Engineer: 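What follows is a single structure, and I will ask about it in a moment.
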Amino acid sequence: MIEKDLYERALRVWGKQPQMLQVIEEMSELIKEILKNVNRNKDNLNELIEETADVEIMLAQLKCCYQIEQQVADYKIGKLAKIERRLDEWEEKTRKQK
C-alpha cells in the first residue's frame with residue numbers, strides 16, 4: 001500500500017516522537033475548527049475539510065507507528081455494533097412515546 005509506505009517513511013525520516021506530537025497538533029486544530037463552527041456558527045466548512053483530512057492522515061500514521069491497524073479495525077467493528085444497538089433502542093423508545 002502506497003500510503004502505508006509514506007507513513008513509514010515519515011516516521012523514519014522525522015521520527016516517532018515528532019510525528020506523534022504532530023498527531024496531537026492536528027487533532028487540536030480540528031477541535032478548534034469544530035468549536036468555531038458549533039459555538040460561533042462560523043461558516044468554516046473548508047477548514048473542517050482540511051483539518052479532518054490532516055487528522056485522518058495522522059491517525060493512520062499513528063496506527064502504522066504502533067502497528068495497530070488490525071486491532072483498531074477490529075475494535076471499531078465492535079464499537080459500531082454497539083452504536084447500532086443503542087440507536088435501535090433509542091428509535092424504539094421514541095416510537096413508543098409517540
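The structure presented is a predicted model; accordingly, all values stated were derived computationally and were not measured.
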Engineer: Can you tell me how far NZ of Lys42 sits from CD of Glu47, rounded to the nearest 0.5 angstrom?
Structural biologist: 5.5 Å

Engineer: Would you check, one step at a time, whether the test side-chain contact (heavy atoms from CB on, under 4.5 Å) holds for Arg86 with Lys82?
Structural biologist: CA-CA 6 Å; Arg86 291 180 67 199; Lys82 183 177 180 179; 4.3 Å; yes

Engineer: Please tell me whether Leu59 and Ile34 are part of a single hydrophobic cluster in this structure, the criterion being side-chain heavy atoms less than 4.5 Å apart.
Structural biologist: yes

Engineer: What distance separates Lys63 NZ from Lys4 NZ, expressed to the nearest 0.5 Å?
Structural biologist: 11.0 Å

Engineer: Taking C-beta and beyond as the side chain, do Ile68 and Gln71 meet within less than 4.5 Å on heavy atoms?
Structural biologist: yes

Engineer: Would you say Tyr66 ends up clustered with Met58 if hydrophobic residues are merged whenever their side chains have heavy atoms under 4.5 Å apart, either directly or through other cluster members?
Structural biologist: yes

Engineer: Between Lys36 and Lys32, is there a side-chain heavy-atom distance shorter than 4.5 Å?
Structural biologist: yes

Engineer: With a 4.5 Å limit on heavy-atom distance, are the side chains of Leu21 and Gln17 in contact?
Structural biologist: yes

Engineer: Tell me whether the count of non-hydrogen atoms from other residues, nucleotides or ligands lying under 6.0 Å of CG in Asp43 goes above 12.
Structural biologist: no

Engineer: Report the distance from atom CG of Leu48 to atom CD of Glu51, rounding to the nearest 0.5 Å.
Structural biologist: 8.5 Å

Engineer: With side chains defined as the heavy atoms from C-beta onward, is the minimum distance between Leu30 and Asp54 less than 4.5 Å?
Structural biologist: no

Engineer: Is there a path from Ile24 to Leu62 through hydrophobic residues (I, L, V, M, F, W, Y) whose side chains come within less than 4.5 Å of each other?
Structural biologist: no

Engineer: Would you name the heavy atoms of Cys65 and Lys16 that are closest together and state the gap between them?
Structural biologist: SG-CG, 3.3 Å

Engineer: Rounded to the nearest 0.5 Å, what's the gap from CD on Glu89 to NZ on Lys93? Could you check?
Structural biologist: 10.0 Å

Engineer: Do Asn37 and Glu33 get their side chains close enough for a donor-acceptor pair, meaning under 3.5 Å?
Structural biologist: no

Engineer: Applying a strict under-4.5 Å side-chain criterion to I, L, V, M, F, W and Y, I'd like to know whether Val72 and Val55 cluster together.
Structural biologist: yes

Engineer: Other residues, nucleotides and ligands only: do more than 12 of their heavy atoms fall within 6.0 Å of CE on Met27?
Structural biologist: no

Engineer: Report the C-alpha separation of Met20 and Leu11 in whole Å, then their side-chain angles, then the decisive distance to 0.1 Å, and conclude whether the side-chain contact (heavy atoms from CB on, under 4.5 Å) test is met.
Structural biologist: CA-CA 9 Å; Met20 294 306 98; Leu11 289 163; 4.1 Å; yes

Engineer: Between atom CD of Gln19 and atom CZ of Arg12, what is the distance when rounded to the nearest 0.5 Å?
Structural biologist: 12.0 Å

Engineer: Can you tell me how far apart CG (Leu80) and CG (Leu87) are? Round to the nearest 0.5 Å.
Structural biologist: 10.5 Å

Engineer: Which pair of non-hydrogen atoms, one from Glu69 and one from Cys64, has the smallest distance, and what is that distance?
Structural biologist: OE2-CA, 3.2 Å

Engineer: Under a 4.0 Å N-O cut-off, is there an ion pair linking Glu92 with Arg95?
Structural biologist: yes

Engineer: Under 3.5 Å, is there a donor-acceptor pair between the Tyr7 and Glu3 side chains?
Structural biologist: yes

